[in-house]
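Okay, so here's the structure we're looking at.
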Protein chains: 2
Amino acid sequence: MDTTEADGRLLDAAESLFYEHGVQAVGMDRIRTASGVSLKRLYQRFPSKDVLVEAYLRRRDGRWRGALAAYVAERPSAAERPLAVFDWLEEWFAEPDFRGCAFINAYGELGTASPAVAGAVRDHKAEVLRYLHGLVRDAGAAEPGPVAEQLAVLADGAITTAAITGTPAPARSAREAASAVLKAAGVAQR
Amino acid sequence: MDTTEADGRLLDAAESLFYEHGVQAVGMDRIRTASGVSLKRLYQRFPSKDVLVEAYLRRRDGRWRGALAAYVAERPSAAERPLAVFDWLEEWFAEPDFRGCAFINAYGELGTASPAVAGAVRDHKAEVLRYLHGLVRDAGAAEPGPVAEQLAVLADGAITTAAITGTPAPARSAREAASAVLKAAGVAQR
DNA sequence: GAAACGAGAGAACGATCGTTCTCCATCATT
DNA sequence: AATGATGGAGAACGATCGTTCTCTCGTTTC
């Protein structure tokens, strides 16, 4: 097993375990068992749990935004793309292992204690906001900044509400609210 | 020190420590030190950490909703009360010890492991939704249910976004979005 | 073929966790 | 004054944490 494969297996194990059970509830030994990578190699690649947690979050950030962007980009017209975000959220919420936003969860658990984790979480939210800003601008909003911030709030609210209630319904509520926001901002809806 | 005072001091210590650092990061010994209540008495009143965490959440639920309702009730007209919720949020976000939603944070940390905690969190969110439903109905919305759900999503999103970015600004974004939602629902705004 | 190395398995370490127990001082009751 | 219950301070317990170390073995290199 070469280094890149070991990294992948470690991050796969870290992601599924940390996301499902929370970070503090999962010990390094459990990641070793789940990944099949020895403890020695684990600490060679990620010299502390904090580093592993940050790497998990940063890889998840890239994949999560990539999946969202790929879904949204399939919509032919720029005007409907902002609302497509909430359609993607609804599909995500319905997945059986959905457990809320990994970044919000990690921030609540470690935001106080770990600056590295707090930074990764803030970077993720900033990138999502930047992405939404582009969508809203391309959809023709006169002032994309405030609208994008409102959509970001709606997305985060939908994620946490869906996690706690256990249903995908909040995605539709958020989509309706987003529709009202876009209409008020002068973006034509179909 | 009688029983009710011991309970109060324990819950005060639990609330400030759990809320600031997260539940798993705070040991029972630290609660003993902060409260000045002996470990023996602590376990007499709260026979396990799980019970203490649930009690902390349920007391905070009552106080939090009480403070919100008291603030909103001061608005003279029912039509402006739904938006007053977001004004209250903005004041809360500006408090120096604001660290996001205690319930979302606890759910992310313990929702998988502790049914008692998960139940307290779900109860809190259900009560908030019920309260918003009353506000929206009294403001004259034709269909208060969907509107209340949208406001609940906005409130949760504002809380988490404010916690991560560290600014109270998301309250204003959520308020703007709520205004658009209410207008679309036919509720007159000033 | 021998020597040096790298990696895996898992024991070991010190710290800390939730929880219980021991010891002793205090106080109300006989 | 003697007794018994109560509660506080904190040691103790077993478990588990993150991290390091030991031991062994297969591989590589001269």
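Labels below follow one simple rule: chain letters A, B, ... track the order of the sequence lines, proteins then strands, and each chain is numbered from 1. For the numbers below, each heavy atom of this structure counts, side chains included, while hydrogens, waters and symmetry mates do not. The structure displayed is predicted, hence computed values, not measured ones.
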key: Between C1' of C:dG8 and CZ of A:Arg9, the distance in whole Å   = 13 Å

request  = May I ask you to say what B:Arg32 touches in the nucleic acid, namely base, sugar-phosphate or nothing, with a heavy-atom cut-off under 4.0 Å?
outcome  = base

request  = Measure from the side-chain heavy atoms of B:Met28 and tell me the nearest of D:dT20, C:dT19, C:dG8.
outcome  = C:dT19

ask   = What heavy-atom pair brings A:Tyr56 and A:Ala14 nearest, and what distance separates the two atoms?
value = CB-CB, 4.4 Å

Protein-nucleotide distance (A:Arg45, atom CZ; C:dG8, atom P), rounded to Å = 13 Å

inquiry  = From CD of B:Gln44 over to P of C:dT20, roughly how many Å is that when rounded to an integer?
reply    = 12 Å

note = Whole-Å distance, B:Leu10 CG to D:dG7 P, equals 14 Å

request  = Rounded off to whole Å, could you give me the CG-to-C1' distance for the A:Asp29 and C:dG10 pair?
outcome  = 9 Å

task = Quickly work out the B:Ile31 CD1 to C:dG18 P distance and round it to whole Å.
result = 8 Å

ask   = Quick one: does NZ or CZ of A:Arg60 land under 6.0 Å from the six-membered ring centre of A:Tyr19, within 45 degrees of the ring axis?
value = yes

query = Taking five pairs at each end of the helix from C:dG1-D:dC30 to C:dT30-D:dA1, what angle separates the two helix axes (nearest 10°)?
reply = 20°

query = What's the closest nucleotide to the B:Arg41 side chain, out of D:dG7, C:dG8, C:dT19?
reply = D:dG7

note = For B:Ala78 and B:Asp138, the nearest pair of non-hydrogen atoms, with its separation, is CB-O, 3.5 Å

task = Could you tell me the separation between the CG atom of A:Leu42 and the C1' atom of C:dG10, rounded to a whole number of Å?
result = 14 Å

inquiry  = If you compare all heavy atoms of B:Leu42 against all heavy atoms of B:Arg32, which two are closest, and at what distance to 0.1 Å?
reply    = CD1-N, 4.4 Å

inquiry  = Students often get this wrong, so: under 4.0 angstrom with heavy atoms, is A:Val37 touching a base, only sugar-phosphate, or nothing?
reply    = nothing

note = From CG of A:Leu39 across to C1' of D:dC17 the rounded distance in Å is 12 Å

Derivation of the side-chain hydrogen bond (donor to acceptor under 3.5 Å, both in side chains) call for B:Arg122 and A:Thr165 = CA-CA 7 Å; B:Arg122 274 192 272 266; A:Thr165 62; over 6 Å; no

message = Of the options D:dC17, D:dG8, C:dT20, whose atoms approach the side-chain atoms of B:Ser38 most closely?
response = D:dG8

key: Verdict with reasoning, B:Asp12 to B:Arg59, per salt bridge (charged side-chain N to carboxylate O under 4.0 Å, His left out)   = CA-CA 10 Å; B:Asp12 286 347; B:Arg59 193 186 71 157; 2.8 Å; yes

key: Among D:dG7, C:dG18, D:dT19, the one nearest B:Tyr43 by side-chain distance   = C:dG18

key: Under-4.0 Å salt bridge between A:Glu176 and A:Arg172   = no

message = Is B:Lys40 close enough to D:dG7 that one of its side-chain N or O atoms is under 4.0 Å from OP1 or OP2 there?
response = no

